[in-house]
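Right, one structure below, let's go through it.
A note on names: the letters A, B, ... follow the listed sequences, proteins ahead of strands, and every chain is numbered from 1. Bear in mind that the values here come from a model prediction, so they are computed numbers and not experimental data.
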Protein chains: 2
Amino acid sequence: MRRSTLRTANGGADIATPEREIGLDALAGHAGYAVRRFQLWIFQDFIKTLAEADIRPTQYSVMTVIGANPGLSQMAVAKRLGIERARLVHLLDSLERRNFVSRSASATDRRSHALHLTARGKAALAQFKRLAAEHERHVAEKIGKENRERLLQILARFT
Amino acid sequence: MRRSTLRTANGGADIATPEREIGLDALAGHAGYAVRRFQLWIFQDFIKTLAEADIRPTQYSVMTVIGANPGLSQMAVAKRLGIERARLVHLLDSLERRNFVSRSASATDRRSHALHLTARGKAALAQFKRLAAEHERHVAEKIGKENRERLLQILARFT
DNA sequence: TATTGTTATACTCTATAACTATA
DNA sequence: TATAGTTATAGAGTATAACAATA
């Protein structure tokens, strides 16, 4: 492999180019690139921090919205969170299998299901929220408390 | 479907709850949720803006880094951009098929390939960069020029 | 006719593991 | 032994299309 090299203080020996020496060129000016890398970091930390609960970000978002808005239809949840309705079917299947969420018949529209957390789901969500708050502290530690708040403010329009 | 309703100015008729009326609860305080929604918006705009060139964000990032650092190995590109080396193989296959990138034998390590843009790749990348700059202007219009710069600053450590 | 939930398909992405040829 | 590139597989995630039941 042709590797560019650089002089160092260690007696002048050539060492392989460290990762950070590879320039990003135009990429450095693209918000999307930085946002994507940050999002990967943040999801990895979320998954790791909530690993003991075996809950992923999307599952957490679905349970949180159902918990705060009992009786919502699948379409309403899907639209609110920007999830495809076809995908929500499988997400709910797995949450129902774990007895966190129930689909019951809607009183007014026989096409749709009313979504509720079960008693077990409510207790579980309380735990998830504690762990998620811990994850959020990791974010604040990583980028700074004020930067985190600025970020939330700037991006509020997308939520 | 059981739908919460609200009084409106239109003579007091009940209307279905609009999406925005569904509360996010704890989700509103999670940077990851906002970042994820923003990232989806930004990638969609990128893909749409570069549709005429048929180039996606990851392909663009790979070509930009190779263009700025000719002769890099696949491992070096993969590590720098946080892409799995197994995935980079397929990404390069498609870029090579379109004659944008070449894999040539490394002079010093017969296990690795030296990556270069072809003449056609260089010309194409110049066009991609013009379109990507247009996409970046959409981002600035969406969140504001200063907010975009603040964002780049806050997230620079992840790039 | 349109909508809700469902099923199915295809393609992208992520995460591994294993193989080969080299080092 | 370890590394670079490759192949393969499995699980998420995304994007569609089509269908039955119902509006």
Sorted by first residue and then second, give each ring-ring contact (aromatic ring centres under 6.0 Å, His included) pair with at least one member in residues 74-94 of chain B; sequence neighbours left out.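 Qualifying pairs: none.
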Does anything in residues 54-65 of chain B come within less than 4.0 Å of DNA chain D? Heavy atoms only, and list the residues if so.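 Nothing qualifies; none.
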Of all residues at least two apart in sequence or in a different chain, which pass the side-chain hydrogen bond (donor to acceptor under 3.5 Å, both in side chains) check with [X]?
X: R137(B); result: none
X: R150(B); result: N147(B)
X: D93(B); result: R103(B)

Which whole-number value in Å describes the distance from [X] [atom1] to [N] [atom2]?
X: I47(B); N: dC11(C); atom1: CD1; atom2: P; answer: 16 Å
X: H90(A); N: dG5(C); atom1: NE2; atom2: P; answer: 14 Å
X: L72(A); N: dG5(C); atom1: CG; atom2: C1'; answer: 15 Å
X: F43(A); N: dC13(C); atom1: CZ; atom2: C1'; answer: 14 Å
X: K79(A); N: dG5(C); atom1: NZ; atom2: C1'; answer: 13 Å
X: L92(A); N: dT4(C); atom1: CG; atom2: C1'; answer: 13 Å
X: D93(A); N: dT6(C); atom1: CG; atom2: P; answer: 7 Å
X: L91(B); N: dC11(C); atom1: CG; atom2: P; answer: 16 Å

Check the phosphate of dT3(D) against Q74(B), side-chain N and O only, distance under 4.0 Å to OP1 or OP2. Yes or no?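 So the side-chain polar atoms of Q74(B) never come under 4.0 Å of the phosphate oxygens OP1 or OP2 of dT3(D).
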Which donor-acceptor pairs under 3.5 Å do side chains of residues 56-63 of chain B form with protein atoms, sequence neighbours excluded?
unit_1	atom_1	unit_2	atom_2	d
Q59(B)	OE1	R56(B)	N	2.9
Y60(B)	OH	H30(A)	NE2	3.0
S61(B)	OG	T58(B)	O	2.7

I'd like to compare against my own output: the B/S/- annotation of nucleotides 15-23 of chain D with a strict under-4.0 Å heavy-atom distance to protein. -B-B--BBS
Run the side-chain donor-acceptor check on residues 119-132 of chain A: report pairs under 3.5 Å with partners two or more places apart or on a different chain.
unit_1	atom_1	unit_2	atom_2	d
R120(A)	NH1	R98(A)	O	2.4
K129(A)	NZ	D25(B)	OD2	2.6

In terms of relative ring orientation, are H135(B) and H138(B) parallel, tilted or perpendicular, with 30° and 60° separating the classes?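 Taking H138(B) first and then H135(B), their aromatic rings stand perpendicular (interplane angle over 60°).
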Test: salt bridge (Lys or Arg N to Asp or Glu O under 4.0 Å). Region: residues 62-78 of chain A. Which pairs qualify, not counting sequence neighbours?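 Sorted result for residues 62-78 of chain A: empty, none.
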Residue R36(B), side-chain heavy atoms: nucleotide from dG13(D), dT7(D), dG5(C) that is nearest: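 Of the options given, the side chain of R36(B) lies nearest dG13(D).
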What does L40(B) touch in the nucleic acid at a heavy-atom separation under 4.0 angstrom: a base, only the sugar-phosphate, or nothing?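 Contact class for L40(B): sugar-phosphate only.
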Can you check whether L24(A) reaches T64(B) side chain to side chain, under 4.5 Å on heavy atoms?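 When only atoms from C-beta onward are counted, T64(B) and L24(A) do not touch, as no gap falls below 4.5 Å.
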